[in-house]
There are 2 protein chains.
Amino acid sequence: MTTAARRERLRSLLRTAGLDGLLVTDLVNVRYLTGFTGSNGALLLAAADDAHSRFGTDSRYTIQSAAEVPDLEPVVERSTALALAGLAAALGVRRLGYESDAVTVDARRALDAATDAELVRAPGLVARLRVVKDDTEIATLRRACAIADTALTDLLAAGGVRAGRTEREIALDLDFRMRGLGADGPSFDSIVAAGANSAIPHHSPTGTAVQPGDLLKLDFGALVAGYHSDMTRTLVLGRAADWQRELYDLVHRAQAAGCAAVEAGVPTADVDAASRNVIAAAGLGDRFLHGLGHGVGLVIHEAPALSAASKDVLEAGMAVTVEPGVYLADRGGVRIEDTLVVREGDRPDPLTAFPKELLEV
Amino acid sequence: MTTAARRERLRSLLRTAGLDGLLVTDLVNVRYLTGFTGSNGALLLAAADDAHSRFGTDSRYTIQSAAEVPDLEPVVERSTALALAGLAAALGVRRLGYESDAVTVDARRALDAATDAELVRAPGLVARLRVVKDDTEIATLRRACAIADTALTDLLAAGGVRAGRTEREIALDLDFRMRGLGADGPSFDSIVAAGANSAIPHHSPTGTAVQPGDLLKLDFGALVAGYHSDMTRTLVLGRAADWQRELYDLVHRAQAAGCAAVEAGVPTADVDAASRNVIAAAGLGDRFLHGLGHGVGLVIHEAPALSAASKDVLEAGMAVTVEPGVYLADRGGVRIEDTLVVREGDRPDPLTAFPKELLEV
């Protein structure tokens, strides 16, 4: 879908909301609607048409934005959002929505002083579009996930996971491989957690050397053209002990149950429950320390939330993670995570494909 | 300085502002005041003492936060900020400041519903502390800058900058070297811009191969323990043409003039002018497309701003960049940047040391 088509879709939401325009200042939303990839940009989208809309950036990005956003008239000002707000009335925008879930209290006050338009809270409008991915986005996510798969495969084939290597060295190796395979970078700080550290859900890699008998949890992803992949695999160095194998099998079954529940029309809380029940039945419900998963796209954690408290319902085209984990403090933890695209009346389309059988390295 | 000592300093600002406490939700400020490095944490700092203060995070970070924040009572809740706001009154905090420059309009509304305390706008209090770096911070920044210096030296020594290599390959090589030297990662997406691309101030590396005769602009830094280094060097592949040498010499002189003006007590606008005047005198003032520099620390761009419009005044212990640039569209650009620590009655202390003579590679 072109960015112009996305802007058209947003216009129909604006009309429904009774807004003459929307001031888009969340950079990710700006990128989604215009293609701009710099660090300072904003969009004044008029409900009327693109001719009454403006793209704002500062002088560092004049050349880049002309190439990336050829179809909107540019406004080059350091205080980008204020400049656009100041133009609203002259462009026929009287009721101007703003992203109240992204605009700070102080920025809201400054906008008020800069505009003659009426500022109206309008959270989540672009997010409502972004939550369902179009074909271009799914293709990009698929590429990002494939890079992560290949990086892990190559890492293992090269003997990159071996006793004596530190968590940091393994993380660096993985990140370097993803970049070499075409990623712009890791999609977040890669988590490599060995032994007892694997019981920390979001562990930062340390200088700890991995040891025979360790569980090794790898949670990582590739960033491609702004889109984030996300996967977790847990391995064992050497022969798995019985408790490790049991823990792994439990999480493996819980993850399969979660994936099987992913389908358009299903409340995400039900997907969470499908997976969580498997772990609870084994008496370890209180060791599953987080929600089951989340949407991924231009942001690594985005809507929908897959958790007990969520009111979200799956729709075809959503890209979500399914990542149950069980964490035994001071011993170790197992998490297994895939990224899937939700389908209508069908099993989800898995974007991550690395095998999930217990790997003894 | 310990995080406890930083909290004490913040308390005196709170008392001056007539606040009983501050709800710190900006993650960088939370890190500064507590040492917590995870992705969800908040601090309710009571003006009274640490015993009436609380650190909040969610269950993913129970183990990590116990290690990183041993000296504050934890509150483990998914909606961390709301939970802390809800406890304020019971902890004797009636007038509760919040970071109105970081809290969104919608989050402010949710806080209001969650607390019995009176919410008071309190922007920039922690930033006021952070702007002057303590010895530990300067030591960390120095380490980060030294890693960037060494990475560039090693890159050149290894022949990593040569015709035929792409901007992306050079960026990856640089990033990999910084990680290998102990950085947690690059401090931002490294800018490697060759030939005409060097005229784009914030160019993203592409698959373009560098060619003999190209200007090559490298703007990059190392991230170490949360602190960001920042430097730019511009080289020429092969023999520099006369126009390249003249452009380089101009920016080199402007950068030296900017560095020479850095001293405690000087308005940052004067520092900007000292450097900009050199470029303007050469008739290229309109090709210097951005401010002269910015503070660096836990955030890559932070206070103070070094620009014509800034009202900031330099203080001893500030860490700032000085980075004039001249950009000739379709031909090429030169930027030279150092990170410096401001001193009282003395020239600044340079943290980046890579030579600034024109390098023909």
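Both backbone and side-chain heavy atoms feed into the values below; hydrogens, waters and symmetry mates do not. Proteins get letters first, then strands, A, B, ... in listed order; numbering begins at 1 in each.
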**Q.** Heavy-atom closest contact (A/His202 atom, B/Gln64 atom, distance)
**A.** O-OE1, 3.2 Å
Q: With a 4.5 angstrom heavy-atom cut-off, could you sort out which part of A/Tyr98 is near chain B: side chain, backbone, both or neither?
A: side chain
Q: Against chain A, label B/Ala183 side chain, backbone, both or neither, depending on which of its atoms sit under 4.5 Å from a heavy atom there.
A: backbone
Q: For each of A/Ile63, A/Val103, A/Asp58, tally heavy-atom pairs with chain B at distances under 4.5 Å, and name the one with the top tally.
A: A/Val103
Q) Near A/Asp330 CG, under 6.0 Å, is it more than 12 heavy atoms from other residues, nucleotides or ligands? A) no
Q: Report the distance from atom CG of A/Leu289 to atom OH of B/Tyr61, rounding to the nearest 0.5 Å.
A: 12.0 Å
Q: Please state whether the side chain, the backbone, both or neither of A/Arg121 comes within less than 4.5 Å of a heavy atom of chain B.
A: side chain
Q. What residue in A/His203, A/Glu99, A/Arg109 has the most heavy-atom pairs under 4.5 Å with chain B?
A. A/Arg109
Q: Look up atom OG in B/Ser39 and atom CD1 in A/Ile300, then write down how far apart they are to the nearest 0.5 Å.
A: 11.0 Å
Q) What pair of heavy atoms forms the shortest contact from B/Val105 to A/Thr104, and how long is it? A) CG2-O, 4.0 Å
Q) B/Ala309 versus chain A, heavy atoms under 4.5 Å apart: side chain, backbone, both or neither? A) neither
Q. Which one, A/His301, A/His290, A/Arg168, A/Glu169, leads in non-hydrogen pairs under 4.5 Å with chain B?
A. A/Arg168
Q. Any idea which of A/Asp189, A/Ile200, A/Leu172 has the most non-hydrogen atom pairs under 4.5 angstrom with chain B?
A. A/Leu172
(Q) Distance check, rounded to the nearest 0.5 Å: B/Glu68 atom CD versus A/Ser204 atom OG? (A) 7.5 Å
Q. Under a 4.5 Å heavy-atom cut-off, does chain A meet the side chain of B/Phe188, its backbone, both or neither?
A. neither
(Q) The test is side chain to side chain donor-acceptor pair (under 3.5 Å); show your working for A/Ser100 and B/Asp106 and say whether it passes. (A) CA-CA 6 Å; A/Ser100 52; B/Asp106 289 354; 2.9 Å; yes
